[in-house]
Each structure stands twice: as structure tokens, then as C-alpha cells.
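Structure first, then comments.
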Amino acid sequence: MSNQLRYDGQVVVITGAGGGLGRAYARFFGQRGASVVVNDLGGSFKGEGQNTNAADVVVKEIVAAGGKAIANYDSVENGDKIIEAAVKAFGTVHVVINNAGILRDVSFKNITDSDWDLINNVHIYGAYKVTKAAWPYFRKQKFGRIINTSSAAGLYGNFGQTNYSAAKLALVGFTETLAKEGQKYNILANAIAPLAASRMTETIMPPEILERLNPDYIVPLVAYLTHQSSTETYGVYELGAGFYSKIRWERGSGHLFKADDSFTPSAILKEWNNVVNTRNPEYPNGPANFIEIAERSKTLPSNAQ
Ligand code: NAD
């Protein structure tokens, strides 16, 4: 028990914590000494309606097990109210887990502006609003931990999910910039692309697979990344059913053309295999060094055919 990660004195805000993954996180942090804000709007997985019951049930579970928790029923689109509730009840906020989410799956041919906007509002604008409100507390106390919830659909694309994929990959960019801006204040930001049994996945997978996708299997990574001892930031992790892995960007070694009159489509065509080659890749956390590249491209032999 002595090497158990603990969160005593930590205030942990979890959005969408009335069910699925959020509930698993909330119960864990409640058991490990944290003060937990269980936020949930309580609507359907398509984002219809609202209900206080979802958050209330999880708060009851945490309190019954001897933990500290309050419920909050605001939409993440009003993220400032969620952080306000945390500060009112517990004085500050240390950890934000942007987990709330909905689906509006529809083919791109049939998607409407409202399908697009709703998904973007909940996933991107919601994560922005909650994090923006927590940020001044994080900076002032020189401590903050952020988990943003991406998805394999965002990393790789998925049929019927242009809206969801766009929003979920946006959260990776959001995470990467938060990690860069937050580093000197000990604000660490990571993104996860989980796979777990929940009402979002229960209709698309067979029961024997769902059994192996317990949301509790996602908790240890989130717990580790948000712990006071962690220094991990800027990460994107794909995980589920006990498999944990890190995803990163890859830049192929490419081909450098002389940027003069010889830099034509046919010159590119000739070197295409080199342009797209992924031999000797780099794993960058920033753009290519175009200043140095521009200097080098001046001195190359011409590409003229
Ligand atoms: P879930 O539906 O059980 O949980 C999402 C929760 O968010 C719900 O309780 C819902 O009421 C709440 N919520 C929705 N809109 C809200 C809003 N505007 N404000 C506050 N709360 C709101 O589904 P889940 O599978 O536990 O999903 C959790 C997160 O993980 C989501 O962001 C989802 O996109 C992401 N995700 C899940 C999987 C998976 O395999 N389950 C895969 C990839 C990504």
C-alpha cells in the first residue's frame, strides 16, 4: 500500500463523470484522497436532454465509500461555471480531465451544420472553456494537470464521423500547445485515445469484447499522468483492454529541391518516391527548420530536366 499513488489535497475536475470513463476516473480519485468535482449534463449520448441524476449517483457512490465529491450539472460549454463550483467547494483546482463527449454519427453526404456545430461545441469549445477557467489557478499555484480525450477516430479517421474526428484531433493540437505554454508553470497536458465499454460503444461491439474493455483499464494511465510526481507532458496515448502505447508524429526524411526555375511539377514527380519515403524518419515536436532548409536549397544543383 505504501507505494500507492495518492491524491490527498488535490482537487480533480472531471467532465462527463456521470457514466462510462468519467465515472471510473471519479471513483478512483475519490478513493485515493482527492476532492472530486463530478460534472455531468446528464443528456443522451447524442447530446439530447439533461438530468441531474447521472452526476448525483456518482457523487453518492464516492461519498458512500468515504470520499469527497460534489456534483455539477453545467454543460462543458459553460466550463467557467464548473471551475467556479470547484473553487467554491474546495478552494482551487489541480487536475482537469476533459472527458465529456457525445456523438452525432452521420455520413459526410448527410451531415448538417447542427451535427457539426454540436460536436465541436461539446468537445473543443467545452474543453477550451473548462481549461481556460482553470488555467489562472494552475499558473498561480505552479501546478496543473490536464487530460484531454481524443479518439482513434480523430487520429485515423472513421466512417460517419467527420465531425467527431475533426474535433478529436483538434484536442491533440490543443493539448500540444497547452503542454508547451504550461511547461514552465509545471502544467502538464496529455491526450488519450481510449477504447472502453460505455453507452457509446455498447451497440457497436459484441458483449465478449466489451467485457475486456472495462473503463477501469483506462484509469491507471490517467492516474499516472495527473499525479504530482509525473513529469510526462505533450503525450498522446492510445489505450484499451490493458494495452497502452504512445503515438507520435513522424516526418520522413523527404527530398530537398533547389527552389529556382527548375522547381516544377515534373521535377517533383521525378523525385516522388523520395518525397514520400519514410526511411530514417524524425519524430518531431516542432516544424521542420525552414530557415536552414531555405539556405541549403539555394546551393543545391538545379532540378532541371
Ligand atoms: P459516455 O457517454 O458514457 O460518457 C460521456 C459523458 O459525458 C456522459 O455521461 C454525458 O452525459 C456527458 N456529457 C455529454 N455532453 C456533455 C456536456 N455538454 N457537458 C457535460 N457533460 C456532458 O461515453 P464514454 O465512452 O465514457 O466517453 C467519454 C469520453 O471518451 C468522450 O469524450 C468520448 O468521446 C471519448 N472516447 C470514448 C471511447 C470509448 O471507447 N468509450 C473511444 C474514444 C473516445
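Remember, it's a predicted structure, so these values are computed and weren't measured experimentally. Each ligand, and each atom within it, is numbered from 1 in the order the structure gives.
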Within-shell test, G42 vs ligand 1, heavy atom, strictly < 4.0 Å: yes
Sub-4.0 Å heavy-atom approach of H123 to ligand 1: yes
Salt-bridge contact E292-R296 (side-chain N to carboxylate O under 4.0 Å): yes
Residues E61 and R27 bridged, charged N to O under 4.0 Å: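 Between R27 and E61 there is a salt bridge, with a charged N closer than 4.0 Å to a carboxylate O.
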What protein heavy atom lies closest to [atom]? Include the residue and the distance to one decimal.
atom	value
atom 34 (O) of ligand 1	Y164 OH, 2.5 Å
atom 19 (N) of ligand 1	V76 N, 3.0 Å
atom 13 (N) of ligand 1	A100 CB, 3.9 Å
atom 6 (C) of ligand 1	G16 O, 3.5 Å
atom 29 (C) of ligand 1	N99 O, 3.0 Å

[X] side chain near [Y] side chain, heavy-atom distance below 4.5 Å:
X	Y	value
L169	Y156	no
I111	T162	yes
D74	L41	no

Minimum-distance pair of heavy atoms, taken over all atoms of [X] and [Y]:
X	Y	value
V76	A100	CG1-CB, 3.8 Å
N285	K180	O-NZ, 2.6 Å
V275	H255	N-CB, 4.1 Å
S198	G20	CB-CA, 4.1 Å
D115	N110	OD2-O, 4.3 Å

Heavy-atom contacts with [X] under 4.0 Å: which atoms of ligand 1 show up? List them by number with element.
X	result
N39	20 (C), 21 (N)
G20	3 (O), 26 (O)
L195	40 (O)
D74	19 (N), 20 (C)

Counting only heavy atoms closer than 4.0 Å, does ligand 1 sit against the backbone of [X], its side chain, both, or neither?
X	result
L103	neither
T201	side chain
I102	side chain
T149	side chain
A54	neither
S75	both

For [atom], the option (of [options]) bearing the nearest heavy atom:
atom	options	value
atom 11 (O) of ligand 1	D40, N72, L41	D40
atom 37 (C) of ligand 1	L21, N148, L210	L21
atom 39 (C) of ligand 1	S198, A197, G240, A196	A196
atom 14 (C) of ligand 1	G18, G47, G101	G101
atom 8 (C) of ligand 1	K168, M205, R199, Q50	R199
atom 42 (C) of ligand 1	S151, G49, P194	P194

Given I218, L221, I147, the one that forms side-chain contact (heavy atoms from CB on, under 4.5 Å) with Y237: L221
Geometric cation-pi criterion, R248 with Y283: 6.0 Å, 45°: yes
Intermediate values then yes/no, side chain to side chain contact (heavy atoms under 4.5 Å, CB included), L178 and N148: CA-CA 10 Å; L178 290 175; N148 291 319; 4.0 Å; yes
Worked verdict on Y7 versus F28 for ring pair (Phe, Tyr, Trp, His ring centres under 6.0 Å): CA-CA 10 Å; Y7 300 83; F28 170 84; 5.8 Å; yes
